[in-house]
Amino acid sequence: MKLKEVVSQKKAPCGKCPYNLGMIGTLANPCPQCKRNGYKSYEWFQKQLAGEKKDAE
């Protein structure tokens with residue numbers, strides 16, 4: 001595996017995170033929790049947004 005691939009796998013998706021982009025709002029900043037759980041909150045946010053789009057159709 002190349003070094004760039006390893007770094008990209010460990011890098012937070014914050015540049016495209018729906019919270020940071022202002023697409024969703026939460027009562028508390030989810031970023032510390034997201035970091036603790038291996039950035040799985042990002043995936044959860046994406047699933048929630050996808051579910052909302054399906055419901056709207």
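These values consider heavy atoms only, across backbone and side chains, with no hydrogens, waters or symmetry-generated copies. Index from 1, following the sequence.
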Fill in: Point-to-point distance, once rounded to the nearest 0.5 Å, from SG of C17 to CD of E43
11.5 Å
All N/O donor-acceptor pairs, side-chain side in residues 22-34, below 3.5 Å, sequence neighbours left out:
residue: T26; atom: OG1; partner: A28; partner atom: O; Å: 2.4
residue: N29; atom: OD1; partner: C31; partner atom: N; Å: 2.8

Fill in: Sequence-distant partners of Q46, side-chain contact (heavy atoms from CB on, under 4.5 Å), two or more places apart
P18, Y42, L49
